[in-house]
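Below is one structure, written out as structure tokens; comments come after it.
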Amino acid sequence: MWIDCHCHTKYSYDNWLEPVDLIRRAKALGLDGVCITEHYSYEASRPVEQVARDEGFLVLRGVEIATDRGHMLAYGMQDDGWNIWGRDNYLPMNDVIEHINSIGGICVPAHPFREVGVASLLHGLLDLTGIAAVETHNGGNLDSDNDLAISAARHMALPALGGSDCHKTIAVGRCATKFSQTVTDMASFIAAVRAGACQGSYYPGYQQLAQAA
């Protein structure tokens with residue numbers, strides 16, 4: 001099954017993408033699910049749950065955390081109690097990883113080789129411990145940045161995730177993750193990642209729909 005593991009909606013407050021448009025685009029592409037990872041807040045994506053029920057589509061929820069060394073996707077929290085720092089930006093990456101792991105979640109560096117100023121992980125990824133996987137395929141990246149992440153994940157012997165990092169409808173599904181275990185909820189999502197039953201990729205359905213348009 002295919003899941004776009006890195007999606008944003010208007011609840012990230014940096015775009016106007018309606019959740020229903022994201023979900024319907026994902027369905028049209030043939031995706032089996034998406035994971036909403038709004039910036040800074042897990043609870044921000046709560047309204048999307050009702051849209052998912054109305055549309056009959058698998059929607060999981062995580063958060064994209066802005067740390068002092070780059071962005072981190074985190075999955076498995078229940079509320080915004082994960083944020084014990086009292087601010088939204090430049091959270092200490094190593095402490096974030098340790099804390100998310102302690103509450104039963106997992107951490108995955110997002111677009112690790114994308115240069116976004118001083119808070120960029122880049123080759124520091126190779127020294128990072130405690131992460132469950134690497135986002136090797138990011139739809140907003142240059143292919144060369146993704147190539148570096150693919151090589152790093154292989155070198156570190158870590159699972160790979162893919163996500164579109166969408167902020168608009170047309171970007172949904174450019175990259176996604178193929179799961180070889182069935183994912184029905186966040187617990188099974190995390191179990192599949194920990195088992196390495198996932199592979200980030202450029203999603204074939206994205207190109208097929210683009211060519212048909």
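We use all heavy atoms of the structure for the numbers below, so side chains are in, but hydrogens, waters and symmetry mates are not.
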Distance-only, no hydrogens or angles: does the [X] side chain make a donor-acceptor pair with backbone N or O of [Y] under 3.5 Å?
X	Y	value
S120	L122	no
D4	V34	no
N101	G130	yes
D79	Y42	no
Y75	C5	yes
E38	T9	yes

- Message: Are Y13 and H39 an aromatic pair, judged by ring center distance below 6.0 Å?
- Response: no

Do the side chains of [X] and [Y] join up, straight or via other hydrophobic residues, at under 4.5 Å, putting them in one cluster?
X	Y	answer
I84	I100	yes
M1	F189	yes
L158	F113	yes
M186	V63	no
L148	M156	yes

Contact between [X] and [Y] at the side-chain level, heavy atoms closer than 4.5 Å - yes or no?
X	Y	result
V193	F179	yes
L58	T184	no
L73	I106	no
K168	N15	no
I150	H137	yes
L128	R69	yes

Mark yes when over 12 heavy atoms from residues, nucleotides or ligands other than [X] sit less than 6.0 Å from its [atom1]; otherwise mark no.
X	atom1	result
Q50	CD	yes
I170	CD1	no
E115	CD	no
R154	CZ	no
E98	CD	no
K27	NZ	yes

Do you know which two heavy atoms are closest between [X] and [Y], and how far apart they sit?
X	Y	answer
G196	P159	CA-CG, 3.8 Å
A152	L125	CB-CD2, 3.6 Å
A66	H71	CA-CD2, 4.0 Å
A149	V134	O-CG1, 4.1 Å
A195	Q181	CB-OE1, 3.7 Å
T177	A160	CG2-O, 4.1 Å

Distance in Å, [X] [atom1] paired with [Y] [atom2], rounded so as to fall on 0.5 Å steps:
X	Y	atom1	atom2	result
D14	H167	CG	NE2	4.0 Å
N138	L161	CG	CG	11.5 Å
T169	I23	OG1	CD1	11.5 Å
F57	L31	CZ	CG	6.0 Å
L60	S188	CG	OG	7.5 Å
N146	S151	CG	OG	11.0 Å

- side-chain contact (heavy atoms from CB on, under 4.5 Å) evaluation trace for R61 with S45: CA-CA 7 Å; R61 296 164 56 212; S45 59; 2.7 Å; yes

- Message: Between D54 and R24, does any NZ, NE, NH1 or NH2 come within less than 4.0 Å of an OD or OE carboxylate oxygen?
- Response: no

- Hits for side-chain hydrogen bond (donor to acceptor under 3.5 Å, both in side chains) against H8, two or more places apart or cross-chain, chain-then-number order -> H6, S12, E64, D165

- Task: Report the C-alpha distance between I97 and I131 in whole Å, list the side-chain angles of each, state the deciding distance to 0.1 Å, and finish with yes or no for side-chain contact (heavy atoms from CB on, under 4.5 Å).
- Result: CA-CA 7 Å; I97 295 169; I131 57 175; 3.8 Å; yes

- Message: Run the side-chain contact (heavy atoms from CB on, under 4.5 Å) test on D95 and H99 for me, step by step, so that the C-alpha distance in whole Å, both residues' side-chain angles and the decisive distance to 0.1 Å come before the verdict.
- Response: CA-CA 6 Å; D95 293 347; H99 182 61; over 6 Å; no

- Message: Taking side chain to side chain contact (heavy atoms under 4.5 Å, CB included) as the criterion, tell me which of I36, I3, L22 meets it with V59.
- Response: I36

- From CA spacing to verdict: side chain to side chain donor-acceptor pair (under 3.5 Å), D145, H111: CA-CA 8 Å; D145 291 341; H111 45 73; over 6 Å; no

- Quick one: side chain to side chain donor-acceptor pair (under 3.5 Å) pairs with a partner in residues 82-92, sequence neighbours left out? D80-W82

- Message: According to ring-ring contact (aromatic ring centres under 6.0 Å, His included), who are the partners of Y203, at least two apart in sequence or on a separate chain?
- Response: W2

- Criterion side chain to side chain donor-acceptor pair (under 3.5 Å) on S144 and D147, from CA distance to verdict: CA-CA 5 Å; S144 57; D147 289 343; over 6 Å; no

